[in-house]
Each structure stands twice: as C-alpha cells, then as structure tokens.
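In what follows, a structure is listed as structure tokens, so that the remarks can point back to it.
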Number of protein chains: 2
Amino acid sequence: MKSKIVQISAHSCVSCGMRGRSLFADLQSDDFALIDQPIHDLQFEPQETLFEEGAPGAFLFTVRSGIVKLVRFQSDGTQRIVRLLTSGDVAGLETSAGAHFDSTAIALTRVSACRIPRAVIDRLEAASPRLHTQLLRKWHDALKQSSDFIAELATGNARQRLARLLLQLAQDDPAQRMMLPSREDVGAMLGVTTETASRAVAAFRREGLLKSLDRQGKHFVVDVQSLRALAEGRK
Amino acid sequence: MKSKIVQISAHSCVSCGMRGRSLFADLQSDDFALIDQPIHDLQFEPQETLFEEGAPGAFLFTVRSGIVKLVRFQSDGTQRIVRLLTSGDVAGLETSAGAHFDSTAIALTRVSACRIPRAVIDRLEAASPRLHTQLLRKWHDALKQSSDFIAELATGNARQRLARLLLQLAQDDPAQRMMLPSREDVGAMLGVTTETASRAVAAFRREGLLKSLDRQGKHFVVDVQSLRALAEGRK
DNA sequence: CGCACCCTTGAAATTACTCAAGTTCAGTGG
DNA sequence: CCACTGAACTTGAGTAATTTCAAGGGTGCG
C-alpha cells in the first residue's frame, strides 16, 4: 500500500470544499471539537483497494474525488460490480452499523478519500444529533443507488444497459464528457462478458453515440439525446 | 383497498411474537409509552399494494408474515423487482430519511404488516437511543439484500439465477419447501422474460431439482445439493 | 525493439427472446 | 353437474442476442 496519507486536523474539515456534500455537512463548529481521533486524507492510485469484503470495518470513507467500485467476487474468481461511488458518496457505511465490509472497494481512477474512524462517528452521533440526519441521508443514497443499479444496469439488452451506464457516468459533466473504465469493468457492471461490452462500445463509436477524446478509448463525449432514446427502449 | 385493519395498542407491541426481529427489538417497556400515534396491523391479500413509488412516505411497515416485492416500473410498462421482503424486514425505510417511496411495494402472498407512522419513529429515536441501533441494522440489512440481489440474481445464466432464487426462497424452511411466485414475477426478479422463467422452472422439474407439492406448480421441495452446485457454476 | 496488456474482431455454439399456439385449472353461471 | 371462460403456465419454431474460443491489432513501457 503506497497510498499517500495526509493527516487532517478537525480544523481543516470545517473549511473543506466538499463538506456540504459530506457526512459532516450539518455539523457546527463545536461538534468538530469532539473529533478525538485523526481523520486522514488518503490518495489511492487506480486498482488500489480501500478495503476488502469481510474485513472488520473500523473505518468509513468519504470519497472526495475520483470513482470507486464496490465489487463482490464470485466462486469462479470473476467479479461483479455492485455499485459505483463518486464524490460525496460514503464507502463502508456498514461500519456505522457495526458490521464487516460487505464488498471490496477498489479505486477506478485516482481517488482522494477521507478515512474516518468508526469511533468518531459513534461519538459524534451520541453527542450531537446533527450527524444523524446526514448519516440517514447517506444510507438512503446508498440503497437508492443500489436499486437503481438493478433497475438500470441489470435490465434490458447490452446496448440499453451500456447506454444507461454512459448517461450516468456523463451526468455530472456540463459538456457530457466521461471516462469509461476498462471493458472488463464495464462488463462486470452490466453483467455481460468483456467481449460483449467491447462490441457494444465499439458499435456506439461507429454509430456516433460516443466520440473519442483520446487515442486509448477511455474518454468520450456522449450523445445524450440518442442514448436516452436507446435507454428507454424507443430505439 | 379492502385490507383488514386491526389497531394495536403499544401494550401489544411489547408482547409481539416477532418483536425480537422487528424495529422495536431493543426498546424497553418505558419506551412504548412514547408511542403517541396508533400502530395498525394490516392484512394484505396477494396483489394488493402497501405503497406506491413517489408517494410521500408517512408510514413505514414491518413485515410480520408473508412476502412483499419491491418493484420499479419501466418506461415500457413492464416491471423490475428490485428486492423481496419477508418476515422481520422493513418496507419503506426511506420514510425514516424523510424521503418519498423509492419503489412500489406489492404483496406476493397474504401479508401481515405493522404500519408505523413516521412521527413515532422520529419521536422514539429522539427520546431513546435504543431504537437507533435497530434502525441502523435494518438499513444495513436492506442494503446488503440489495447488493446480494445484484450479485446473485442478476449474474450468470437463467438456470443459475433461478437456482439461487430457489435456494433463497427455501432457506428458512427446515424441509426445503418453498412457494414460487408467478412465472412473470420470477422473470421480473431474474431479469429474463416470463417464457424463459417458465422454461427454466419446467426443466428443473423434469430434472428432479424441484418436486411439486401441488397441482398448480406453486409449492415445491427443492434439491438443495444440486441447486447449490448449479448456482456456483460447478454444473 | 519487444513484451505485456487490453481492446477488438471473427465464427461457431449456446442461450435467450419473440410470437404464436396449446394446455391446465379454478371459478362462473347455466 | 357440467360446459364455458379467463388467466397463467407451457411448449414450439424461428430469430436475435450473447457467450465462447481464438486470433489479431494497438499502445505504452522497460
């Protein structure tokens, strides 16, 4: 594990640029005084793992930037991606319910994430009701994302699923740009083989639904109109 | 809506047979005095809906018996089942995060469920920390079930998915009996068509992995050994 | 330059979908 | 009591989509 670690003082949480979307959104300045254990800002390189399924969860992570995949490994060694996390999402929420990690978290891009000890969460929640609302919201977000995943990425044919994934990945960018993970990961998200994922991406490029921004075929501009039509089944 | 309604006094919650698995598991007798709004025990017939996606969630339900499906309707009118709830599970947890219902809940069998007003949850949680742990546990259960759904029922071919579903449906019965929903619902759970679901069930019956207990093909005894082998890919 | 890794493509085999027709069964009404 | 009906399940045949296995390209890195 070569990830860069930067220790954060409670003070710097207060002025964190993404605090509004983080777990600490509702905290008041007094509350930060209750943080009695260090919170670290960790940097992960692509492919590095934040935590592994089954490990006792002593920490929870707030993703500051980048994309994290949550995966389950199957008995044949292949992986199924069960959810994607982006900026503002929490990885390892199950920690706050006292459980072991339910899945393995792996960075898809460079990822910056705050690692918060479980004890800090427990203490803040007991001492201040303000963390509570935000924790509930994060649970809700996670559950909603998970059922969206089923409804959108595990339903319909490969072209439809890919269209929905692309729309999701491009949704935050004002210019409809997005970065596409490896074809293997795309397959693991859609529940299809790597080859099928590759063929579908290649077809979209030929049809002009995707326009390459680089030579490696990782960054694209998407045609939102047409993809939306495809995603909803009106071919 | 012809569902039978029975009003429950806080007193009867105390002695409820399934309280140990319910939201109120950790409450002490004092806590029940805080329940200032009626909790109803509702009976739903198969096909009746508990609540609809998008409705403002003023209630949350604890399933006492029976099976409830959570469904999302797609733009073409077909439905995708995103999760199943059984005894002890909570439907409409999103209520406790102040959100609208994320999916529609429909009874698959006769269902008995306690309808708890949101205000009761809020009050209990504010006044007593004991509800809290249990609420967290229920969020965790829901999220785990949702990712299990992806990993198990949306991965592999139709035979494998059906095998995993059957094992799940039979897991609580000491004699490996289970009741199978309509083929349409099976399809909506596995992400395949009704015909494919029907063919897979029929094949399992011919192969002896399923033995009918009735003429209508709803109740079966499952061959756990063989299904487990199939589910894990060791044919 | 060559190796490794990923992506792409091809062709055959398998699996799933579509459309259409039978079958069974429970409930209804003559 | 029995024929009729509707709904759900089953099955068949043809088509489409996906997987599988195998080989060929491109890119980046040592």
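Every heavy atom of this structure was used, including side-chain atoms; hydrogens, water molecules and symmetry mates were not. Every chain is numbered from 1, with letters handed out A, B, ... down the list of sequences.
Set against D:dT20, C:dC17, C:dT15, the side chain of B:Thr196 has C:dC17 as its closest nucleotide. For A:Asn157, the listed nucleotide lying nearest its side chain is D:dA17; candidates were D:dT10, C:dC17, D:dA17. Nearest nucleotide to the B:Thr193 side chain, out of D:dT20, C:dC17, D:dT11: C:dC17. Listed candidates were C:dT9, C:dA16, D:dT18. Nearest to the side chain of A:Glu195 is C:dT9.
The interatomic distance linking B:Leu180 (CG) with D:dA8 (P) rounds to 15 Å, in whole Å. With rounding to whole Å, A:Leu230 atom CG is found 12 Å from D:dA17 atom P. Separating the CZ atom of A:Arg159 from the C1' atom of D:dA16 is a distance of 13 Å, rounded to the nearest angstrom. Distance CZ (A:Arg215) to P (D:dC29): 13 Å, rounded to an integer number of Å. Spacing between atom CG of A:Asp214 and atom C1' of C:dC6 amounts to 14 Å, rounded to whole angstrom units. Atom-to-atom, CG of B:Leu190 to C1' of C:dT15 comes out at 15 Å; the value is rounded to the nearest Å. Distance, B:Gln47 CD to D:dG6 C1': 15 Å, rounded to whole Å.
Residues B:Leu180 and B:Met178 come closest through the heavy atom pair CD1-CE, 3.8 Å.
Residue contacts shown for A:Val192 are limited to sugar-phosphate atoms, with no base heavy atom under 4.0 Å away. Among the atoms of the strands shown, only primed sugar atoms or phosphate atoms (P, OP1, OP2) are found under 4.0 Å from some heavy atom of B:Ser182. At the heavy-atom level, A:Arg199 lies under 4.0 Å from base atoms of the strands shown.
Taking the nucleotide of DNA chain D with the nearest heavy atom to each of A:Gly191 and B:Glu184, the more 5' of the two is matched to B:Glu184.
Comment: A:Glu45 engages A:Arg110 in a salt bridge, judged by a side-chain N to carboxylate O separation of less than 4.0 angstrom.
Test B:Ser22, B:Ser112, B:Ser87 against B:Arg64 for side-chain hydrogen bond (donor to acceptor under 3.5 Å, both in side chains) and you get one pass: B:Ser112.
With B:Arg164 contributing its side chain and B:Glu152 its backbone, the two residues share a donor-acceptor pair below 3.5 Å.
Under 4.0 angstrom from either OP1 or OP2 of D:dC9 there lies at least one side-chain N or O belonging to B:Lys218. Between B:Arg183 and D:dT10 there is a side-chain polar atom (N or O) within less than 4.0 angstrom of OP1 or OP2.
Cation-pi geometry between B:Arg115 and B:Phe59 is met: under 6.0 angstrom from the ring centre, within 45 degrees of the axis.
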Can you give each donor-acceptor pair under 3.5 Å made by side-chain atoms of residues 189-199 of chain A, sequence neighbours left out, with the distance rounded to 0.1 Å?
| residue | atom | partner | partner atom | Å |
| --- | --- | --- | --- | --- |
| A:Thr193 | OG1 | A:Thr196 | N | 3.3 |
| A:Thr193 | OG1 | A:Thr196 | OG1 | 3.0 |

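Within residues 205-213 of chain B, no residue is approached by DNA chain C to less than 4.0 Å at the level of any non-hydrogen atom.
If you check the side chains of A:Asp102 and B:Ser147, you find no donor sitting under 3.5 Å from an acceptor.
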